[in-house]
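Proteins get letters first, then strands, A, B, ... in listed order; numbering begins at 1 in each.
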Protein chains: 2
Amino acid sequence: MRTLSPPVGLPALADTDLVGQVARLLTQAVVEGRLAPGSKVVEAGIARELGVSRAPVREAARLLEQQGLLVASPRRGFFVRKFAADDIDDIYDLRLCVERHAAVLAARNLTPETRDMLRRQIDVLHQTADLEDPARQVEEDYRFHRLICEIAANRRLLRLFDDLASEMRMVIGLIGRLYDDPHEIARTHEPVLAAIEQGHPERIVAHIDYHIGHAWREVGKLVREIPA
Amino acid sequence: MRTLSPPVGLPALADTDLVGQVARLLTQAVVEGRLAPGSKVVEAGIARELGVSRAPVREAARLLEQQGLLVASPRRGFFVRKFAADDIDDIYDLRLCVERHAAVLAARNLTPETRDMLRRQIDVLHQTADLEDPARQVEEDYRFHRLICEIAANRRLLRLFDDLASEMRMVIGLIGRLYDDPHEIARTHEPVLAAIEQGHPERIVAHIDYHIGHAWREVGKLVREIPA
DNA sequence: TAAGCGTCGATTGTCGACAGTTTAGTCTTG
DNA sequence: CAAGACTAAACTGTCGACAATCGACGCTTA
């Protein structure tokens with residue numbers, strides 16, 4: 001018999017997890033470009049600014065390093081990741097690999113509810129297209145793709161997507177503007193959903209390839225325009 | 001002019017890096033089963049045993065957490081990851097996704113030299129099959145698959161493979177024995193290489209699917225036999 | 001007897017400090 | 001005037017310490 005109190009879904013109150021908070025703030029600063037690519041991240045500086053000691057900052061920095069937002073140089077410190085054209089290709093190539101797979105799995109697991117979630121997210125994309133809020137638009141875009149990964153129901157796949165997404169956000173952030181008309185971006189999601197609904201693997205992959213390949217080309221173009 | 005050297009930081013040689021050493025030792029202890037799955041990893045204990053302070057141990061543990069070998073429970077510490085059947089499926093599913101892609105890319109990039117490297121590695125597999133050294137056999141097996149990822153020439157893909165590999169090593173380690181006859185395992189690599197040499201994407205994917213699917217089924221079977 | 005409460009040891013989260021290394025700035029020298 | 005050596009400041013890597021928290025054990029109570 002269980003002696004533990006009944007699992008009345010209490011939301012596991014927010015851990016005052018200092019490392020997690022620092023990591024989140026650092027991530028924001030990086031993807032928003034407040035910390036310029038290539039610049040040094042001084043532990044003591046961040047610590048002083050946040051009013052904490054260096055230990056949590058170090059651990060948070062290691063997390064961001066593993067995520068690819070920072071690079072560590074022994075005895076010299078952490079630096080904000082600098083993206084070259086090759087990096088863009090690596091990231092989008094892997095993204096393609098991951099999302100193809102996720103989309104096929106998602107089609108297999110698709111239920112009426114999950115289908116509606118995807119449809120609704122496309123509606124949100126159209127709505128936010130009218131707003132003048134690029135950050136929000138990028139966020140809602142990723143939310144659609146993340147949904148697909150959630151539906152695919154592979155936790156590791158989802159975590160991988162999140163890691164890739166934070167890198168892509170950083171790239172988008174340093175471009176400074178969207179790579180295409182928001183309405184156009186919203187529209188190009190519809191064939192992807194349609195393919196997932198229909199369910200033929202080859203068709204799904206083809207549409208994912210087209211959709212992500214488009215973003216890949218556009219982002220690549222813009223990054224090459226603004227070399228470091 | 002920037003005086004800081006470019007943070008390209010690939011060379012990363014000569015680790016007197018304490019964190020890295022601790023991480024390596026901890027990883028070994030975990031994949032070799034010296035630290036049982038589910039058991040608590042006491043920071044102070046590890047630190048005392050290694051003759052260092054807790055700070056490097058904490059950072060190393062965070063690395064292993066990000067790699068999936070440990071799980072962190074706030075205010076309670078780190079625990080050695082416990083694998084359920086679902087986890088096996090997640091891992092092998094993602095591995096399939098990654099290696100399919102890597103193999104297709106590798107075929108595209110294949111040169112006479114890289115082709116010979118793969119052939120030689122299969123020879124090594126046959127040679128080590130005669131030795132009574134399962135750990136070595138597992139290692140050489142992964143080396144073949146890692147080679148494919150190296151030839152694919154996507155650094156992020158390679159890192160992902162390494163992360164997956166450390167988890168798979170842990171699973172194999174806790175099974176305690178190989179999932180198949182070493183000679184048989186060595187032999188089943190040959191069609192994969194042949195497909196890569198020939199170059200038709202569908203054929204490559206089919207052979208990768210067969211090869212990894214076989215391991216997936218066998219490992220899954222054994223893991224289900226030995227439930228936690 | 002079994003469930004709930006309180007206490008105590010063990011462990012984590014965080015901090016400030018120190019030593020060794022890297023970096024920036026200055027001075028010397030060809 | 002440029003290149004190199006030297007010095008001082010800044011920063012990282014590591015450590016030991018302290019307070020807060022967790023888990024286990026034993027005690028009370030219905």
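Under the side chain to side chain contact (heavy atoms under 4.5 Å, CB included) rule, Tyr142(B) has a single partner from Ile172(B), Asp162(B), Leu164(B), which is Ile172(B).
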Quiz prompt | Summary of protein contacts for nucleotides 9-15 of chain D, nucleotide by nucleotide, where a base hit scores B, a sugar-phosphate-only hit scores S (4.0 Å, heavy atoms) | solution = --SBBBB
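Every residue meeting the side-chain contact (heavy atoms from CB on, under 4.5 Å) condition with Val104(A), not counting sequence neighbours, appears here in chain and number order: Arg108(A), Ile204(A), Val205(A). Scored by the side-chain contact (heavy atoms from CB on, under 4.5 Å) test, Ala55(A) finds Ser53(A) as partners (sequence neighbours excluded).
Aromatic ring centres of His101(A) and His101(B): separated by at least 6.0 Å.
Judged by the 6.0 Å and 45° rule, Arg146(B) forms no cation-pi pair with Phe144(B).
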